There are 2 protein chains.
Amino acid sequence: MNRHISDAKVFKALCDEHRLMILELLRSGEKCACVLLEELDIAQSTLSHHMKILCESGIIDSRNEGKWTYYFISEEGSQSAKSLLADLTSVKEIQPSRGVRTCP
Amino acid sequence: MNRHISDAKVFKALCDEHRLMILELLRSGEKCACVLLEELDIAQSTLSHHMKILCESGIIDSRNEGKWTYYFISEEGSQSAKSLLADLTSVKEIQPSRGVRTCP
DNA sequence: TGAACATATCGAATAAATTCGATATGAGGA
DNA sequence: TCCTCATATCGAATTTATTCGATATGTTCA
């Protein structure tokens, strides 16, 4: 079940402020790269790099329409991110009661 | 509401594999630093650095007992992380229907 | 086909994070 | 009080991420 070994990827996608801002922009519906570029004050190649990371994390998906690429929040991807976070922070059933010393 | 500006911090705490492993270890109950250290094959100063980041993110909390420090998953902190992720990936009510072109 | 535009990739510069050993701090017990 | 042990902090080395300009790819339209 070693999910945590490689699943830092999902959270890595979320730990950059530009990428969080992109996510925020996409909450109001899909946008093409050129619109995102106008809002973000970063170089086009930088935006492309961020979109690649977001897409590879699964949280964002894209579709092509002619020469444009539209990005949108993936329902499936964000659901699995939420499940992963819930798992990571959930305390297991069988555990020593708090306050029990595990040190000598 | 500009939460995303500074709230990369919570996710930054989750984007390192050692820190995810620490979280996994704490799922079975609080542990003192020396126990974590045995499991992780990293230097003591490195562990201390990771624990600081995790605690500052709010996801993990600590308590002192004598010379030991015990770390545990914070119910409150992980709840707010989950809320934040849910917000970030939730699509807003009013939005243009998908497929509407926002580019010329 | 060729010009114009949107996006992706490459390579290099800069910035940020991780890691370690050395050392400091602070608590407990002799 | 002094010694020992647990954890934190410091400073430097290394690794990883971000960023940009330049260029490549691929699409549309004349």
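Letters A, B, ... mirror the listed sequences (proteins, then strands); counts begin at 1. If you're wondering where the values come from, they're calculated on a predicted model, not measured in any experiment.
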- Query: Under 4.5 Å between side-chain heavy atoms, hopping through other hydrophobics if needed: is there a path connecting Ile53(B) to Tyr71(B)?
  - Reply: no

- Do Gln44(A) and dA8(C) have a side chain to base donor-acceptor pair shorter than 3.5 Å? yes

- From dT7(C), dA22(D), dA8(D), nucleotide with atom closest to Tyr71(B) side chain: dA8(D)

- Ile22(A) to Leu47(A) - nearest heavy-atom pair and separation: CD1-CD1, 3.8 Å

- Starting from C1' on dT7(C), measure out to CG on Asn64(A) and report it in whole angstrom. 9 Å

- Message: Quick one: does any side-chain atom of Arg27(A) pair with a main-chain N or O of Ser90(B) as donor and acceptor, under 3.5 Å?
- Response: yes

- Message: I need the CE-P distance between Met51(A) and dA6(C), as an integer number of Å.
- Response: 17 Å

- Item | For atom CG of Asp16(B) and atom P of dT16(D), their distance in whole Å | 11 Å

- Looking only at side-chain atoms of Thr46(B), point me to the closest of dC20(C), dT18(D), dC20(D). dC20(C)

- Tell me what Thr69(B) touches on the nucleic acid: a base, only sugar-phosphate, or nothing, going by heavy atoms under 4.0 Å. sugar-phosphate

- Item | Among dA6(D), dT9(D), dT19(C), the nucleotide that comes nearest once only the side chain of Trp68(B) is considered | dA6(D)

- Nearest-nucleotide comparison on DNA chain D, the residue closer to the 5′ end among Cys15(A) and Leu47(B): Leu47(B)

- How close or far is atom P of dA8(C) from atom CG of Leu36(A), stated in whole angstroms? 11 Å

- Which nucleotide in the list dC20(D), dT9(D), dT18(C) gets nearest to the side chain of Ser45(B)? dT9(D)

- Return the nearest nucleotide to the side chain of His18(B); candidates are dT19(C), dC20(D), dT7(C). dT19(C)

- Integer-rounded Å distance: dA17(D) P and Leu54(A) CG: 15 Å

- Between dT9(D) atom C1' and His50(B) atom NE2, what is the distance in whole Å? 15 Å

- Message: So if I take every side-chain heavy atom of His49(B) and compare against dA17(C), dT19(C), dT19(D), which nucleotide ends up nearest?
- Response: dT19(C)

- Have a look at Leu37(A) and say if it touches a base, only the backbone sugar-phosphate, or nothing, with a 4.0 Å heavy-atom cut-off. nothing

- Message: So that I can tick it off, tell me whether Lys9(B) and Glu17(A) are bridged by a salt bridge, with the cut-off set at under 4.0 angstrom between side-chain N and carboxylate O.
- Response: no

- Message: Any carboxylate oxygen within less than 4.0 angstrom of a Lys/Arg side-chain nitrogen, looking at Glu30(A) and Arg63(A)?
- Response: yes

- Task: Ignoring the backbone of Lys67(A), work out which of dA6(D), dT7(C), dT27(D) is nearest its side chain.
- Result: dT27(D)

- Note on the structure: Rounded to whole Å, the OH-P distance (Tyr70(A) to dT27(D)) equals 16 Å

- Query: What integer distance in Å separates Glu17(A):CD from dA16(C):C1'?
  - Reply: 13 Å

- Query: Between dG21(D), dG21(C), dT9(D), which nucleotide has the shortest distance from any of its atoms to the side chain of Ala43(A)?
  - Reply: dG21(D)

